[in-house]
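First up is the structure itself, then whatever we jot down about it.
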Amino acid sequence: AAHCLVDGGGVADASPSDITVFVGQQNLSRLVTKNKFIVKRILIHPSFDYSRINADIALLELSTSTNQPAMSYRGNPFDGEFATAVGWGLTKVDPKSGEPIGDISPKLREVSIPIVSNQVCDAAYGGDITSYMMCAGFEAGGKDSCSGDSGGPLMVQVGRDWQQAGIVSFGEGCAKPGKYGVYTRIAVFTDWISNTMRGGNPNEPGITDIKPQSEGSAAGDDSESSTSGGGAILIELLALLLLRGLIAVRRADKPAPSA
């Protein structure tokens with residue numbers, strides 16, 4: 001997620017040398033050197049707004065290809081569809097404040113949560129939800145992504161395949177009743193991702209016009225394949241599923257992983 005690559009004022013402060021990418025990892029205490037990749041470029045979306053955590057997406061271009069197939073994008077998930085978020089984030093919250101506490105998980109974890117309409121989520125967040133965002137979670141709370149999961153994928157299973165619908169972005173506390181997890185909506189950025197990976201200008205927003213479906217409507221096969229095995233790989237700071245392979249990213253100037 002773009003917010004993982006900026007300082008407290010929203011200014012980009014990460015350089016490629018600060019970041020190390022490990023592919024196919026599930027346990028942070030057992031990182032394998034042969035799965036290590038060097039970052040060539042960091043590309044933050046030109047519309048990223050730190051004050052609102054809007055357009056919260058970035059690309060890392062790797063110096064060499066991982067030669068792994070990339071997961072396709074979920075073009076139009078519908079409200080009520082269950083999705084899975086994965087990450088190494090915090091797993092405990094303070095029972096009084098609802099704020100996250102403790103340490104990151106050394107092992108990759110997952111949670112299954114329903115996608116919530118932007119209208120419902122916007123009401124829960126007082127008008128802060130934009131079309132660049134999507135939400136997931138239970139009204140009663142109890143299950144959620146959390147601090148340290150930022151940048152991880154929100155995925156929908158379609159048959160035997162997984163498609164990425166969102167990127168862990170922000171929330172108010174973790175698993176609080178009435179406060180859903182907020183995710184970057186991948187479908188909006190597919191043009192920017194594709195154009196950038198083909199060598200286009202990364203400073204061109206390239207926003208894709210997507211209208212979210214309502215619960216009960218046919219989802220169809222509304223997916224778009226991402227470039228597989230390319231030099232530029234869509235990756236957010238903590239995790240990205242690459243069809244049974246996971247990317248772990250360590251940032252040198254901050255506790256790793258952190259977001």
Measure the shortest side-chain to side-chain distance between Glu61 and Val39 over non-hydrogen atoms and say whether it is less than 4.5 angstrom. no
On a heavy-atom basis, the closest approach of Leu90 and Cys146 is O-CB, 3.4 Å
So CD of Gln164 and CE of Met71: to nearest 0.5 Å the spacing works out to 4.5 Å
Is there a side-chain contact between Thr196 and Leu43 in this structure, where contact means two heavy atoms from C-beta onward sitting under 4.5 Å apart?
yes
Worksheet item: Any sub-3.5 Å donor-acceptor pair from Trp192's side-chain atoms to Pro202's backbone N or O?
Response: yes
| task | Give the intermediate values and the outcome of side chain to side chain contact (heavy atoms under 4.5 Å, CB included) for residues Lys36 and Val21. | result | CA-CA 6 Å; Lys36 177 180 176 180; Val21 173; over 6 Å; no
(request) May I ask you to check whether Asp18 and Ser15 show a side-chain donor-acceptor distance below 3.5 Å? (result) yes
Heavy-atom donor-acceptor pair, Lys179 side chain to Ala124 backbone, under 3.5 Å:
yes
Separation between OH (Tyr50) and CD1 (Ile44), nearest 0.5 Å, reads 11.5 Å
query = Given side chains that start at C-beta, do those of Val11 and Val6 come closer than 4.5 Å, heavy atoms only?
reply = no
Margin query: Quick check against the 3.5 Å criterion: does Tyr125 have a side-chain atom that pairs as donor or acceptor with the backbone of Glu172?
Written below: yes
Report, one line per pair, each donor and acceptor closer than 3.5 Å where one atom sits in a side chain of residues 106-115; sequence neighbours left out.
none

| message | Is a donor from one side chain sitting under 3.5 angstrom from an acceptor on the other, for Glu204 and Asn195? | response | no
Look only at the side chain of Arg185 and the backbone of Met133, and say whether a donor-acceptor pair between them is shorter than 3.5 Å. yes
Check your understanding: Do the side-chain N and O atoms of Ser169 and His3 include a donor-acceptor pair separated by under 3.5 angstrom?
Key -> no
| query | So do the side chains of Val32 and Phe22 get within less than 4.5 Å of each other, counting heavy atoms only? | reply | no
Original post:
Counting only heavy atoms not in Glu99, do more than 12 sit closer than 6.0 Å to its CD atom?
Top reply: yes
With sequence neighbours left out, the residues meeting side-chain hydrogen bond (donor to acceptor under 3.5 Å, both in side chains) with Arg52 are none
Inset, instruction - Find out whether Ile57 and Ile193 are in side-chain contact, i.e. whether some heavy atom of one side chain is under 4.5 Å from a heavy atom of the other. - result: yes
Note: Asp56 and Ala2 closest approach over all heavy atoms is OD1-N, 2.9 Å
Does atom CG of Asp94 have more than 12 heavy-atom neighbours, drawn from other residues, nucleotides or ligands, at distances under 6.0 Å?
yes
Heavy-atom closest pair (Gly173 atom, Pro100 atom, distance to 0.1 Å) is CA-CD, 4.4 Å
*Is the side chain of Asn54 donor-acceptor paired with the backbone N or O of Asp49 at a distance under 3.5 Å, no angle test?*
no
Inset, instruction - Decide if atom CD of Gln157 counts as having more than 12 heavy atoms of other residues, nucleotides or ligands within a radius under 6.0 Å. - result: yes
Phe189 vs Tyr132, test: ring pair (Phe, Tyr, Trp, His ring centres under 6.0 Å). Steps then yes/no. CA-CA 8 Å; Phe189 300 98; Tyr132 293 179; 5.5 Å; yes
ask   = Any donor and acceptor pair, going by atom type alone, linking the side chain of Asp128 with main-chain N or O of Asp122 inside 3.5 Å?
value = no
Tightest non-hydrogen contact, residues Gly166 and Tyr183, listed as CA-CB, 4.4 Å
In this structure, CD1 of Ile38 is separated from CG of Leu60 (nearest 0.5 Å) by 12.0 Å
Value for NE2 (His45) from CG (Asn203), rounded to nearest 0.5 Å, stands at 10.0 Å
Practice task
Report yes or no: does Asp149 contribute a side-chain atom to a donor-acceptor pair with the main-chain N or O of Trp88 at less than 3.5 Å?
Solution key: yes
Legend entry - Any Pro153 side-chain heavy atom under 4.5 Å of Val86 side chain: yes
Kindly indicate whether the side chain of Ile167, heavy atoms from C-beta on, has any atom under 4.5 Å from the side chain of Leu154.
no
